[in-house]
Number of protein chains: 2
Amino acid sequence: MTVWDRPEPSPRPAPLDRERIVAAAVALADEGGLEAVSLRKVAARLGAGPMRLYGYIATKEELFDLMVDEVYAEILPEGRPGDWREALRVLAERTRLAALRHEWLADLLGGRPALGPNALAVSEATLAALDGLADVDTAMRAVETVGAYYIGAIRREIANLRAERATGLSESDWQRARGPHVTGMLATGRFPALAKFVHEGTEVDAGTSFATGLEWILDAVAAKLARPPA
Amino acid sequence: MTVWDRPEPSPRPAPLDRERIVAAAVALADEGGLEAVSLRKVAARLGAGPMRLYGYIATKEELFDLMVDEVYAEILPEGRPGDWREALRVLAERTRLAALRHEWLADLLGGRPALGPNALAVSEATLAALDGLADVDTAMRAVETVGAYYIGAIRREIANLRAERATGLSESDWQRARGPHVTGMLATGRFPALAKFVHEGTEVDAGTSFATGLEWILDAVAAKLARPPA
DNA sequence: CTCATGTCGATACACTGTATTTGCGCAATA
DNA sequence: TATTGCGCAAATACAGTGTATCGACATGAG
C-alpha cells in the first residue's frame with residue numbers, strides 16, 4: 001500500500017448523540033417504512049458500526065420510542081387553544097397530519113405508552129385546556145376517549161392508504177380496490193347488508209370522514225362536560 | 001445403520017392444511033406473543049419443515065391476516081342483537097375480550113384492512129343491525145367511528161397492561177408503575193396540569209373505563225342517527 | 001421397466017438484533 | 001521519555017429470521 005491508496009487520514013468518528021441517531025432512524029423510516037429501520041443501516045448512515053449505537057440506546061424498541069417522541073414534538077401545538085374543544089380537535093388533527101408525514105407512526109401509535117418528554121408536553125397542554133371544566137375523572141375520560149378515537153381512525157386510514165397503494169393505485173372504490181377476492185365474496189349474496197353499503201355508499205375523502213367522526217365525539221364529550229357524572 | 005436405529009418407519013407427512021397452520025400459529029402467539037411466531041416454529045409444531053408452509057400461505061404477513069380472521073370467528077356474536085346500540089356495544093366488548101384472550105391481536109388490529117370471511121361476517125352482522133335506521137353514509141360513519149374508538153382503546157389497554165407487567169407488577173398507580181423516570185418529570189413542575197390529574201384522578205379499572213367511553217360514543221351516534229345529516 | 005411429474009426436505013442466502021472479543025489511541029505514571 | 005493501563009470503537013461471532021433454490025424421492029403413466 002502506498003500513501004495514495006491509504007484510506008482517508010482518519011474516519012474521525014463523528015461525535016454521535018441520541019438526536020442524530022433518532023434523526024437518522026426517522027429519515028430511514030420515512031423513506032422505507034419501519035421495516036427499513038435496522039440498527040446496521042442507522043449506524044451506517046452515521047458512518048459508524050452497529051455496536052456504536054448501544055452506547056446511546058439500550059435496544060431497538062427504545063429507539064422506536066425515541067422516534068415516536070420526536071414526532072410528538074411536531075404534534076405539540078404552538079399557541080394556546082381557544083377552548084377545550086379546539087384543543088382536542090387540534091391535537092387529533094395534528095396527530096393525523098404527523099402520521100401522514102410519517103406513515104410508520106401509525107404502526108407505533110398506541111402500541112406502548114408514550115412517556116417521552118414531548119409526549120408528556122402534549123398531554124400537559126391538552127389537560128391544561130380541560131382544567132377546571134369538570135372533575136378530573138371526567139376530563140381524563142374525555143382525553144382518553146378522543147385519543148382512542150383518533151388513534152384507531154389514523155391506523156385505519158393509513159392501512160387503507162397502503163392497501164390502495166398495493167393494489168395498483170386503483171381509485172378508492174372499495175370493490176376493485178380490494179381486489180377480486182372481496183368482490184367475489186360480495187357476489188355470493190352471503191353479505192347483503194355489506195353489499196348494499198358498498199354499492200350505495202358515497203365516497204368521502206379520508207380527511208373529512210376523520211373530521212366528521214371527530215366532531216361526533218367532541219359533541220359527546222361536550223354533553224358529558226356540561227353535565228358532570230352522577 | 002441397522003434396522004434398529006432407523007428412524008420411525010415413516011414420518012408420514014401429516015396432511016397439513018391452512019386451518020392447522022393457523023391454529024398452530026395462534027397457539028404460539030398466545031403463549032409467547034407475536035414475536036414468538038416464526039415460520040420455523042409453526043412448521044416444527046406441525047412436524048414439518050419450514051418450506052412446507054409455503055404451499056399453503058404466500059408470506060408471513062398472510063399468516064398474520066389468517067390469524068386475525070380466525071379470531072374474528074370468536075368475535076362474531078351468535079344471536080341477533082336487540083337493536084343497533086346493543087349490536088355495536090357487543091361488537092366492541094367482544095373484540096375487547098378477544099384481545100384480552102389473544103393479546104397479540106392488539107398489535108394487529110387496524111394494522112391492515114380485515115377482509116377475511118369471518119371479518120366480513122362481522123361487518124355484515126353489524127351493518128345489518130343498522131340497516132334502515134339512517135342513510136347509508138351516516139350508518140357507515142357510525143360503524144367506523146365506533147370501530148376507531150374500540151381499536152384505539154383496546155390498543156392502549158393492552159399497552160398499559162404490558163407496561164405494568166414489565167415494571168414489576170406494580171399496581172396500576174401511574175406514578176410508581178411508570179417508573180421513576182416519569183415521577184421525576186412530574187416533580188420538575190413543568191407539567192402542572194398533568195401532575196394534578198395524576199394525583200387527583202381516581203383509579204378506574206380498564207373494563208369500566210372502556211365501557212364508559214363506549215357509551216359516550218354510542219350516545220353521540222344515537223344523536224346522529226336520530227337526526228340525519230343536512 | 002422406464003420415464004415424467006410434482007411434492008417435500010435440505011441447503012443456501014442475505015439479513016436481523018445483540019454479546020463478546022479484539023485492537024488501538026490517549027492519559028497518566030514511573 | 002518509556003511504559004503501562006484504560007476506555008472506547010470496531011470486528012467478529014452467534015443464534016435466529018423470511019424466503020429462493022435445488023436435489024431426491026415417491027408415485028403415476030406409458
Side-chain angles (χ1 to χ4, degrees), chain A residues 1 6-22 24-29 31-68 104 107-108 111-112 162 166, chain B residues 1 3 5-22 24-29 31-68 104 107-108 111-112 162 166:
Chain A
M1 128 147 33
R6 176 157 26 193
E8 286 295 311
S10 100
R12 194 76 54 76
L16 205 61
D17 57 358
R18 270 159 100 102
E19 283 217 19
R20 281 167 49 80
I21 292 174
V22 173
V26 167
L28 235 22
E31 294 164 17
L34 253 203
E35 81 210 335
V37 178
S38 87
L39 296 184
R40 282 167 164 87
K41 283 191 273 208
V42 171
R45 192 173 269 240
L46 297 166
M51 285 306 115
R52 205 52 202 291
L53 302 185
Y54 283 90
Y56 305 86
I57 59 173
T59 176
K60 193 186 185 181
E61 292 272 295
E62 185 177 316
L63 176 57
F64 283 165
D65 288 349
L66 293 173
M67 290 168 66
V68 170
W104 49 270
D107 301 319
L108 264 20
R112 63 165 67 209
R162 285 174 176 157
Chain B
M1 123 144 45
V3 69
D5 58 352
R6 177 153 31 188
E8 287 296 309
S10 100
R12 193 77 54 76
L16 207 62
D17 56 358
R18 271 160 100 104
E19 284 216 19
R20 282 167 48 79
I21 292 174
V22 173
V26 167
L28 237 20
E31 293 164 16
L34 251 204
E35 82 210 332
V37 177
S38 88
L39 296 185
R40 282 167 164 86
K41 283 191 272 209
V42 171
R45 194 171 267 242
L46 297 165
M51 285 304 115
R52 190 81 184 286
L53 302 185
Y54 284 89
Y56 304 86
I57 58 173
T59 176
K60 194 186 184 180
E61 292 272 294
E62 185 177 316
L63 176 58
F64 283 165
D65 288 349
L66 293 173
M67 290 168 66
V68 170
W104 51 268
D107 301 319
L108 264 21
R112 60 166 66 211
R162 286 173 175 158

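By convention in this document, chain letters (A, B, ...) are assigned in the order of the sequence lines, proteins followed by strands, and residues within each chain are numbered from 1.
- Spacing between atom CE of A:Met51 and atom P of C:dG23 amounts to 18 Å, rounded to whole angstrom units.
- Atom pair A:Leu46:CG and D:dA10:C1' shows a separation of 16 Å (rounding to whole Å applied).
- With hydrogens and angles ignored, the 3.5 Å screen pairs no side-chain donor or acceptor of A:Arg45 with any backbone N or O of A:Ala24.
- Both A:Arg40 and A:Ala48 lie near DNA chain D, and the one whose nearest nucleotide falls closer to the 5' end is A:Ala48.
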Before you tell me yes or no, could you show the steps for A:Asp107 and B:Arg112 under salt bridge (charged side-chain N to carboxylate O under 4.0 Å, His left out), namely the whole-Å CA-CA distance, both residues' side-chain angles and the distance that decides it to 0.1 Å?
CA-CA 10 Å; A:Asp107 301 319; B:Arg112 60 166 66 211; over 6 Å; no
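- Protein atom CD of B:Glu62 is 14 Å distant from nucleotide atom C1' of D:dT19, rounded to whole Å.
- Judged by distance alone, with hydrogens and angles left aside, the side-chain atoms of B:Tyr56 form a donor-acceptor pair with the main-chain N or O of B:Leu16 at under 3.5 Å.
- Residue B:Arg52 places at least one side-chain N or O closer than 4.0 Å to OP1 or OP2 of C:dG9.
- Salt bridge absent: A:Asp65 and A:Lys60 never bring a charged side-chain N and a carboxylate O closer than 4.0 Å.
- Regarding B:Glu35, its CD atom lies at a distance of 16 Å from the C1' atom of D:dG18, rounded to whole Å.
- Nearest to the side-chain atoms of A:Lys60 among the listed nucleotides D:dG18, C:dC8, C:dT16 stands C:dT16.
- Put simply, B:Lys41 has no side-chain N or O that comes within less than 4.0 Å of OP1 or OP2 on D:dG16.
- Using a 4.0 Å cut-off between a side-chain N of Lys or Arg and a carboxylate O of Asp or Glu, B:Glu31 and B:Lys41 do not qualify as a salt bridge.
- Protein atom CG of A:Leu28 is 10 Å distant from nucleotide atom P of C:dT16, rounded to whole Å.
- Using a 4.0 Å heavy-atom distance criterion, A:Val42 is classed as making no nucleic acid contact.
- Following rounding to the nearest Å, B:Leu63 (CG) and D:dG18 (P) show an atom-to-atom distance of 10 Å.
- Checking D:dA9, C:dG17, C:dC8 against every side-chain atom of A:Leu39, the shortest atom distance belongs to C:dG17.
- Across the protein-nucleic acid pair, B:Phe64 atom CZ and D:dG18 atom C1' stand 11 Å apart, rounded to whole Å.
- At C:dG17, none of the side-chain N or O atoms of A:Thr59 fall inside 4.0 Å of OP1 or OP2 (strictly under the cut-off).
- Following rounding to the nearest Å, B:Tyr54 (OH) and C:dA10 (P) show an atom-to-atom distance of 16 Å.
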